[in-house]
Amino acid sequence: MKKIIILIFLYFIFKISLAQTGTVTIIPTYSVCLGTVVTMTTSGFVAPTITRWETSPNNNPPWIAIASSNSPTITVTASASLYYRAVATTGLTATNSALLTVHQPSAGTITSNATVCSGINSGMLILAGTFTSVNFWEYSIDGGNNWAPISNTTTLQNYLNLTTSTQYRADLTNGTCPSAKSSVAMITVNPPSVGGTAAGTATVCAGSNGGTLTLSGYTGNIVRWQSSTDGDITWANIANVTNTNNYSNITQTTDYRAVVQSGTCAAENSSPVTIT
């Protein structure tokens, strides 16, 4: 009779040991940024001896054992979102599984850079990347030394009629990761084209003459010179991109001018100069 009682007692102890389960606690949080050091602790076992810790990407078998993990506490460096559980020595009973969610660092890219004309421009910047929230946009007009905030928490940022070259970027957060700045988009603003003044007016003898015209006071690049022999009704192009233009042995009164263009701005003509 005594043996039967002992056997029954052992039977119930064995059932209890098989039935016991533990709870996994993750510190500091169940949602962390990539590379965060996380400590997991299991508790709730009557005999809290751990055989191993295991991981699974989807909370289903097969569970992958973590090497040298036979302690109630384990410390890992977060590298991917995984389910974790511990298995007790007694009965090899598994704890509940706990999901450690790992966020990628906050990052973003803005498209696109543009070159525009001062005072006559518009466009839209588009933000994409790894983030859960846009905290704000900001801009700089001094090459990125100082930034001013823009109250915009969307992925789109408009600009209109800028008169100064301006950089834009966004401040982003992805999950529990620290905030970070996006890439920088540059809107380069060209000053309006100024044709300038052509000088060198002269009266010469037909067929035996020569001289040099000069251009000053212009803004932009000289894209060509032009000449007209019909009172400026039609103009013929001259392949010359310098600020001087020579003429030689012309036989009729001729007007000359330069065509100047600043970046993407509309081209402007210089004042004309007449060789009579």
Side-chain angles (χ1 to χ4, degrees), residues 26-39 57-58 75-83 98-196 218-223 241 260-268:
I26 301 178
I27 300 173
T29 175
Y30 288 80
S31 183
V32 299
C33 193
L34 180 72
T36 302
V37 176
V38 176
T39 298
N58 54 15
T75 299
V76 300
T77 299
S79 59
S81 294
L82 291 171
Y83 287 87
L99 175 62
L100 176 63
T101 301
V102 178
H103 298 285
Q104 296 297 312
S106 310
T109 301
I110 299 176
T111 56
S112 61
N113 297 335
T115 300
V116 299
C117 189
S118 178
I120 310 173
N121 55 74
S122 63
M124 176 183 292
L125 303 174
I126 302 173
L127 173 66
T130 306
F131 53 87
T132 53
S133 62
V134 179
N135 303 318
F136 55 88
W137 285 70
E138 53 190 4
Y139 71 94
S140 173
I141 57 175
D142 62 1
N145 292 319
N146 296 284
W147 293 86
I150 302 171
S151 297
N152 178 13
T153 58
T154 73
T155 57
L156 304 176
Q157 173 65 41
N158 295 317
Y159 60 88
L160 177 67
N161 297 336
L162 299 177
T163 57
T164 303
S165 292
T166 305
Q167 292 175 296
Y168 291 90
R169 69 183 183 186
D171 187 88
L172 314 167
T173 299
N174 189 47
T176 57
C177 294
S179 63
K181 305 299 183 182
S182 71
S183 65
V184 174
M186 168 63 85
I187 308 301
T188 302
V189 177
N190 296 136
S193 305
V194 176
Y218 61 94
T219 300
N221 298 313
I222 300 167
V223 294
V241 294
V260 178
Q261 185 173 25
S262 175
T264 59
C265 298
E268 293 291 335

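Residues Leu127 and Trp137 have side chains in contact (heavy-atom distance under 4.5 Å, counting atoms from C-beta outward). Residues Tyr159 and Asn121 are in side-chain contact: their nearest non-hydrogen atoms beyond the backbone lie under 4.5 Å apart. Between Thr115 and Asn190, some side-chain heavy-atom pair lies under the 4.5 Å cut-off. Side-chain atoms of Thr101 and Val32, non-hydrogen and from C-beta on, never get closer than 4.5 Å to each other. Residues Leu172 and Phe136 have side chains not in contact (no heavy-atom distance under 4.5 Å, counting atoms from C-beta outward). Residues Ser179 and Asn135 meet the side-chain proximity criterion, which asks for heavy atoms closer than 4.5 Å. Put simply, the side chain of Val260 does not reach to within 4.5 Å of the side chain of Val194, judged on heavy atoms. Using a 4.5 Å heavy-atom cutoff, the side chains of Leu125 and Ile187 are in contact.
Interatomic distance, CG of Leu100 versus OG of Ser31, reported as 8.0 Å (0.5 Å rounding). Note that the OH atom of Tyr168 and the CG atom of Asn158 stand 9.5 Å from one another [nearest 0.5 Å]. Of the inter-residue distances, the one linking Gln167 atom CD with Asn145 atom CG reads 9.0 Å to the nearest 0.5 angstrom. With rounding to the nearest 0.5 angstrom, the CD atom of Gln157 is 5.0 Å from the CG atom of Asn152. To the nearest 0.5 Å, atoms OG1 (Thr130) and CG (Leu34) are separated by 11.0 Å. One finds the OG atom of Ser81 at 6.0 Å from the CG atom of Leu99 (value rounded to the nearest 0.5 Å).
Considering all non-hydrogen atoms of both residues, Val102 and Ala78 come closest at CG2-CB, 3.7 Å. Shown here for Thr219 and Pro191, the closest heavy-atom pair between the two residues is CG2-CG, 3.9 Å. Residues Ser106 and Ala180 share a closest heavy-atom pair of O-CB, 3.5 Å. The two residues Pro192 and Cys265 have their closest heavy-atom pair at CA-SG, 3.9 Å. Of all heavy-atom pairs between Tyr30 and Ala98, the closest is CE2-CB, 3.8 Å. The shortest heavy-atom contact between Leu160 and Ser122 is CD1-CB, 3.8 Å.
Of the possible donor and acceptor atoms, none in the side chain of Thr36 sits under 3.5 Å from a partner among the backbone N and O of Thr77. At least one donor-acceptor pair under 3.5 Å links the side chain of Thr176 to the backbone N or O of Cys33. For the pair Asn113 (side chain) and Met186 (backbone), a donor-acceptor distance under 3.5 Å is present. In this structure, Thr109 contributes its side chain and Ala128 its backbone to no donor-acceptor pair below 3.5 Å. At distances below 3.5 Å, at least one donor-acceptor pair connects side-chain atoms of Ser140 with backbone N or O atoms of Asn146. Between the side chain of Thr132 and the backbone N or O of Gly175 there is at least one donor-acceptor pair closer than 3.5 Å. With hydrogens and angles disregarded, a donor-acceptor distance shorter than 3.5 Å links the side chain of Ser193 to the backbone of Ala266. Judged by distance alone, the side chain of Ser182 and the main-chain N or O of Ala170 form a donor-acceptor pair under 3.5 Å.
Taking a 6.0 Å sphere around CD1 of Ile120, one finds it holds 12 or fewer heavy atoms contributed by other residues, nucleotides or ligands. For Ile141, the CD1 atom sits in a loose shell: 12 or fewer heavy atoms of surrounding residues, nucleotides or ligands are nearer than 6.0 Å.
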Trace of the side-chain contact (heavy atoms from CB on, under 4.5 Å) decision for Asn174 with Gln104 = CA-CA 7 Å; Asn174 189 47; Gln104 296 297 312; 4.2 Å; yes

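Under 3.5 Å, the side chains of Thr39 and Thr75 contain a donor-acceptor pair of N or O atoms. For the 3.5 Å distance criterion, the side chains of Asn221 and Ser262 fail to qualify, holding no donor opposite an acceptor.
Geometrically, Arg169 engages Trp147 in a cation-pi contact, judged by NZ or CZ lying under 6.0 Å from the ring centre and within 45° of the ring axis.
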